Structures are given as structure tokens and as C-alpha cells.
Number of protein chains: 2
Amino acid sequence: MLSFEQELSGYDIKKWADWSLKLFYWSPSFSQIYSELKRLEKHGYVTSRTVMQDDVRGKRVYAITDTGREAVRNWSRTAPVEAPVLKHGVLLRVWLGHLTEPERLHEIVAEHRDNSERRRAEAAVDADAAHGETAWAYPELALKWAERYHAAERDLAEQMLRDLDELAASGRATEPVPLPPDSPSLAPRLPGVPSTE
Amino acid sequence: MLSFEQELSGYDIKKWADWSLKLFYWSPSFSQIYSELKRLEKHGYVTSRTVMQDDVRGKRVYAITDTGREAVRNWSRTAPVEAPVLKHGVLLRVWLGHLTEPERLHEIVAEHRDNSERRRAEAAVDADAAHGETAWAYPELALKWAERYHAAERDLAEQMLRDLDELAASGRATEPVPLPPDSPSLAPRLPGVPSTE
DNA sequence: ACTAACATGTAAAGCGTTACATGATTTA
DNA sequence: TAAATCATGTAACGCTTTACATGTTAGT
């Protein structure tokens, strides 16, 4: 984020991340940002200085160095293209549909659809705000992508609701599923079991 | 996964997860699966027994208990509907487009589009395999969703390629972006900086 | 004979969050 | 005057992976 050449404090970075980056990437906690900035400074990727706002209160702002610019540039150009990390709790619960009453499952997916529409609208507003300024050309593209992504997510949820209704109507729905075929044929991925440690 | 009522070993679970769950959820490592199974057993959510295949080699298979079924059922019905976790490295690199040559950025997105189509086809095959058996009704829905999701991801990448080309043609592309507006207006999310610790 | 797959685990390390702690400034 | 926001940080904990370690069985 510092590669945009603005001096930023840890607090700034968190606000910025929450505001726009979260639409296609997660937002780290304050504590991680503060410790990561220190680590980056230790490695010479950023420098910091204290800015006094009035006489007494100061804040620490960070700026990228040539080394840091080189490193992130190199990363962005040469890192392998990996699959996006997705952990879709709602889909996991559909996959485990045999555990839940069909009406409740419907509710869960409907809520996800509504949330997706909200996120789409958010992205649209942000993309609009980015429009025009040349400096924000790429962020604008990313935000437009996010707008379409969340629209797709919303539509996919809508389609799932139809599929769920159809399954319920067909009567093949609720039974606590018996044995899976002996081949290792049908497998999804483990969530974090709510740790009642 | 044990709620499907089949006895499974840690190894089985990993294979199953890699095979099908990874299309909408991540796949934990072997070591996490083995330690998590022990933790679940400690809490009474699963039981295990050793199955002898020949005289000498055995493997440990796990089965869900009533307590475990109750716990996962309860989780699935009552857990809050949260935003899916997404960490989209490719989009992050578009957002940071000022760091990369337009041609290279194009390559990266094109590779992602191709990968998405591969994953879509995978999901289609799996969804087909699940078709018919009532026990797999919900997994089939999830896999169909995954097929559509990855098709959307592919189309979104295609659209991004067009946007990128347009930006390049307009000449507003490469400059190492100057200052962002003073408002905390445009912010995406921090990746893991390649730790050259 | 070799390689891949089966099968299970430990140890170390890194990633990331929550809870806690502190204190100033701004807004209602 | 109370609450929200600005601002920074530490400590504890949990999640997750990688590397290591070991040995068997099945296929080429």
C-alpha cells in the first residue's frame, strides 16, 4: 500500500484496507499491521518518522524505500499465479445440508445473497469515487471487478435458493445421509470446528 | 465430513478434501487433520478404532459420536452468516498495476482465466459423479454452485483483460502513481509480503 | 529395482486474531 | 460529560503449514 507513494501510519493503513481492499482481499488486524511495519523497517523496505500534529501528540508515518519498491515490484511481476484462497462457510453448510432443516438452510443462503448485494453496492460506490483520477486507474479496475464479482455471488445465491427449493419439493431432502460410495469419490473441505476448547 | 456417517481415516479425509471440498473451501494439511482428529476425540466428538488390513498393518478410522453430530448440527444451523474469506492474489496485483508492465499484467490475468476454466471443468465432472445418489444431493448442489462460480471467475478475468487493454490503449497506464487524495478514500488489503526473513 | 501411493505422526515456525492496556482529541 | 475516534502497542493464544521422520504396499 505504501507503493502508492503516500506516507501512511499504521492506523491509516488499517482504515484504507477496511474501506476498499476488503472487497477482494482480507483486512489484517491493527496489531498485525503495526508489527509488520516494524518488520518491514527492520529489513529496510520502509522508513518511518514521527509527525507532530500539535506540540505533544505525534504519530509515526511510514514511507517505502527504493529497496522496498524493488521488492514489491519484483513480487508482483514474478510471483506464481495461485488459486485465490476461498473459505465459503455458506457453501460448506449447503454441502452439509443433511444437518439442517431445509427452511433454515434457505434462510442462511438468502442472508448471504442480501449481504452480497450490499457488498456489490459498496464496491460500486468506491469504484465511482476512484473514477477520473489517473493515479487510481488500477484500483478502479479492481473495484469494478469487485462490483461484478459480488453481483455474481448474489446471483449464484439466488440460483442456489431455486435449487434448494427444487430439492425440497422433490422430497429427496432431509434424511441424515447414509453411507457414501466406497470409492474416495465425493470430498469437500473441513471447516474449523467451533472450538469449545 | 464424518457427519456423512462413513468411518474415515485421516488419510481418507485429506484425499476427499483435496478432491472435492477444495472447490469452495481450502484443504488442510495432513498434519492438521491428524492433530484435529485427536482433539475431536479428546472432546468426545469422534471415536476411533484400528482396522487391520492384513495381519501387521493397521489404520485408525474415525466415526462421529452423538455428541459430535449434535455439535456440528448445531454449528451449521446457528453459526452467523459471515462473509466468505477471499484472498485474491491476482486482483491484488491488478490493484497494484502501477508496479507491473501492462503486458506482464495481461499474462497474469490470462493465466488466471485459464486456471478458472480448468477448475470449472473439474467441478462439472465431480457434480456429474454425484448425480443420482440421494445421499449426495447436497454435495451435488454445492458442486454445481462451484461450477458456476468458476465459470463466473473465468468471465470476470476475460472482462478484466478487456479493461486492461483499454487502459493501456488510453495511455493512462504505467506511471508509478503519485499521491493519493488526502481523504482515506481508496483502500485495498495488504498481502503477505514475501518474507525474506 | 524404483517410484508412487498408502499411512501416521512430531517439531518448529510462521501467520493472524483477540484481549488487554493506555491515553488524547473530537463530537454529541 | 460521555462516547466515539485517533493512535499505538504487548501478550496470549489459536490456526496452519513445512520440514522431518518412518515404514509398507502396489504398480511399472
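If you're wondering where the values come from, they're calculated on a predicted model, not measured in any experiment. Every chain is numbered from 1 and lettered A, B, ... according to where its sequence line falls, protein lines coming before strand lines.
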[X] and [Y] ion-paired at < 4.0 Å:
X: B:E122; Y: B:R119; value: no
X: A:K144; Y: A:E140; value: yes
X: A:R120; Y: A:E117; value: yes
X: A:R77; Y: B:E107; value: no
X: A:R49; Y: A:E7; value: yes
X: A:R162; Y: A:D165; value: no

Gap between atoms [atom1] and [atom2], on [X] and [N] respectively (whole Å):
X: A:L8; N: D:dT8; atom1: CG; atom2: P; result: 11 Å
X: A:K87; N: C:dC15; atom1: NZ; atom2: C1'; result: 11 Å
X: A:W19; N: D:dT5; atom1: CH2; atom2: P; result: 18 Å
X: A:I33; N: D:dT10; atom1: CD1; atom2: C1'; result: 16 Å
X: B:K22; N: D:dT17; atom1: NZ; atom2: C1'; result: 18 Å
X: A:R60; N: D:dG9; atom1: CZ; atom2: C1'; result: 12 Å
X: B:Y25; N: D:dC15; atom1: OH; atom2: P; result: 12 Å
X: B:I13; N: C:dA7; atom1: CD1; atom2: P; result: 13 Å

Looking only at side-chain atoms of A:K38, point me to the closest of C:dA7, D:dC6, D:dT10.
-> D:dT10
Hey, is the side chain of [X] poking within less than 4.0 Å of OP1 or OP2 on [N], counting only N and O atoms?
X: A:R39; N: C:dG14; answer: no
X: A:K59; N: D:dT5; answer: no
X: B:Y34; N: C:dT8; answer: yes

At under 4.0 Å between heavy atoms, which parts of nucleotides 17-22 of chain C does protein reach? Answer with one letter per nucleotide, 5' to 3': B base, S sugar-phosphate only, - none.
-> BB----
Above 12 or not: heavy atoms from other molecules or residues under 6.0 Å from CD of A:E166?
->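 Atom CD in A:E166 is not packed in, count stays at 12 or less.
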